[in-house]
Peer 1: 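Take this structure, written in structure tokens, and hold onto it; I'll ask about it next.
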Amino acid sequence: MYLLDLGEKKAPGKKNGVPSFEELVVNYQDKVYNLSYQLTGNHADAQDLAQDVFVRAYQGLDKFRNEADPGTWLHRITVNLYLNLRRKITRHPVVSLDAPLSTAEGEVTREVAAAGGDPVDLVEEMELKGFVRSALNQLPPEYRTALVLRELQGYSYEEIASILGCSLGTVKSRLNRARQAMKEKVLRQMAEEKPPATRAAPR
């Protein structure tokens, strides 16, 4: 990602320990882009989202209080912009997961084949990662966001609740449902990709 062109308007400078806009871009542009990509699932939308994040950060930097970590503040902006965007998009409906689901534990993303020298193992690992990415892309935005923040960004439940502006119970509920849905979707994809068993030819 590249630095934003702000035209002739001067970016807010550093004051009272608050980082300047240029420092935010240099220090956090990769982290913002990575989260944007994990949420959107493609590079073009991720770049657009990341750019919008820094535009919003530029506009609100004078109100930023140094009480929060700048990276967390930028991630909160990223999540809010992403969720608002998804709510506006009606031409790509998503499957609702509001119905009660089992809260069985288990994290599919951690159960991938170990990378080794066997080409077959490597292909199987790549296929599983593809299944996981596809399943993640199919989750409703609220569940996908919670899962990305927890499993890919490493935020605690409390931090996720703060970023999303919801209760701790809501975070745990979304994560449980997202994990269960991910597991079901990955297993379904693997079953569909599995070649049918060959029957022995009659003698």
Side-chain angles (χ1 to χ4, degrees), residues 30-50 75 78-157 159-160 163-164 166 169-201:
D30 290 340
K31 293 181 179 180
V32 169
Y33 175 81
N34 288 338
L35 176 58
S36 298
Y37 179 75
Q38 290 162 356
L39 292 173
T40 63
N42 68 82
H43 293 290
D45 288 343
Q47 186 166 3
D48 288 343
L49 177 58
H75 275 185
T78 306
V79 166
N80 287 337
L81 288 176
Y82 166 72
L83 291 176
N84 288 337
L85 176 63
R86 292 304 307 173
R87 292 186 185 108
K88 293 178 181 178
I89 297 177
T90 57
R91 62 180 181 275
H92 298 302
V94 294
V95 178
S96 174
L97 294 180
D98 290 334
L101 294 173
S102 172
T103 59
E105 293 297 329
E107 300 181 0
V108 176
T109 55
R110 298 181 188 273
E111 299 175 354
V112 297
D118 190 339
V120 175
D121 290 341
L122 293 176
V123 170
E124 290 179 349
E125 180 181 356
M126 292 177 63
E127 288 179 345
L128 181 55
K129 289 182 178 179
F131 292 148
V132 171
R133 167 54 64 182
S134 176
L136 182 64
N137 289 343
Q138 296 176 50
L139 292 179
E142 288 79 6
Y143 296 167
R144 178 176 180 174
T145 300
L147 198 62
V148 165
L149 291 174
R150 176 61 180 172
E151 303 297 346
L152 302 182
Q153 293 295 327
Y155 282 107
S156 68
Y157 291 156
E159 289 171 329
I160 296 173
I163 290 174
L164 297 180
C166 62
T170 298
V171 170
K172 292 180 178 180
S173 175
R174 289 180 182 179
L175 285 172
N176 282 331
R177 293 185 178 186
R179 286 169 178 157
Q180 180 65 17
M182 283 281 292
K183 184 176 181 179
E184 292 174 355
K185 291 178 184 297
V186 169
L187 291 177
R188 187 181 304 116
Q189 291 180 76
M190 293 176 67
E192 292 174 352
E193 289 291 327
K194 185 177 180 180
T198 56
R199 297 182 179 178

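Positions are given from 1 along the sequence. What's counted below: heavy atoms across the whole structure, side chains too, no hydrogens, waters or symmetry copies.
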Peer 1: Heavy atoms only: give me the nearest R133-G41 pair and the separation to one decimal.
Peer 2: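 Here R133 and G41 meet closest at NH1-CA, 4.1 Å.
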
Peer 1: Got a second to check how far Y82's OH is from L49's CG, nearest 0.5 Å?
Peer 2: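 Those atoms lie 9.5 Å apart.
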
Peer 1: Taking Q153 for its side chain and V148 for its backbone only, find out whether a donor-acceptor pair lies under 3.5 Å.
Peer 2: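 A pair under 3.5 Å: no.
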
Peer 1: Does the side chain to side chain contact (heavy atoms under 4.5 Å, CB included) test come out yes or no for L152 and L35, once each step is laid out?
Peer 2: CA-CA 9 Å; L152 302 182; L35 176 58; over 6 Å; no

Peer 1: Test S36 against every option in L39, N34, V32 by the side chain to side chain contact (heavy atoms under 4.5 Å, CB included) rule and name the one that passes.
Peer 2: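 That would be V32.
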
Peer 1: Who are the side chain to side chain donor-acceptor pair (under 3.5 Å) partners of T170, not counting sequence neighbours?
Peer 2: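 By the side chain to side chain donor-acceptor pair (under 3.5 Å) rule, T170 matches S167.
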
Peer 1: Starting at CD1 of I163, measure out to CG of N80 and round the result to the nearest 0.5 Å.
Peer 2: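 Going from the CD1 atom of I163 to the CG atom of N80 covers 9.5 Å.
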
Peer 1: Taking all non-hydrogen atoms of both residues, which atom of F131 and which atom of Q189 are closest, and how far apart?
Peer 2: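 Closest pair (atom of F131, atom of Q189, distance): O-NE2, 3.1 Å.
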
Peer 1: Can you list every salt bridge (charged side-chain N to carboxylate O under 4.0 Å, His left out) pair that touches residues 135-148, not counting sequence neighbours?
Peer 2: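 Pairs touching residues 135-148 that pass the test: R87-E142.
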
Peer 1: Taking side chain to side chain donor-acceptor pair (under 3.5 Å) as the test, write out the residues that go with Y155, two or more places apart.
Peer 2: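 Residues passing side chain to side chain donor-acceptor pair (under 3.5 Å) with Y155: H75.
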
Peer 1: Measure the spacing between CG of N176 and OH of Y143 and express it to the nearest 0.5 Å.
Peer 2: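 One finds 10.5 Å between CG of N176 and OH of Y143.
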
Peer 1: S156: which residues meet the side-chain contact (heavy atoms from CB on, under 4.5 Å) condition with it, sequence neighbours left out?
Peer 2: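 So S156 forms a side-chain contact (heavy atoms from CB on, under 4.5 Å) with E158, E159.
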
Peer 1: If you look only at pairs with a residue in residues 38-47, which of them pass as a salt bridge (charged side-chain N to carboxylate O under 4.0 Å, His left out), with sequence neighbours excluded?
Peer 2: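 Found none.
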
Peer 1: What is the distance from atom CZ of R177 to atom CD of Q180, rounded to the nearest 0.5 Å?
Peer 2: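 Taking CZ in R177 and CD in Q180, the distance rounds to 11.5 Å.
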
Peer 1: Could you give the distance from CG (N137) to CD (Q38), rounded to the nearest 0.5 Å?
Peer 2: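 If we round to the nearest 0.5 Å, N137:CG and Q38:CD are 11.5 Å apart.
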
Peer 1: Could you report the tightest heavy-atom contact between R174 and C166, atom names first, then the distance?
Peer 2: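 That would be NH1-SG, 4.4 Å.
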
Peer 1: Drop me the distance from L175's CG to Y157's OH, to the nearest 0.5 angstrom.
Peer 2: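 Result: 5.5 Å between the selected atoms.
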
Peer 1: Looking at R86 and P141, what are the two nearest heavy atoms and their distance?
Peer 2: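 Answer, listing the atom of R86 first, then P141: CB-CG, 3.6 Å.
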
Peer 1: At their closest point, which heavy atom of A46 faces which heavy atom of T40, and how far apart are they?
Peer 2: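 Heavy atoms only, the tightest pair is N-OG1, 3.4 Å.
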
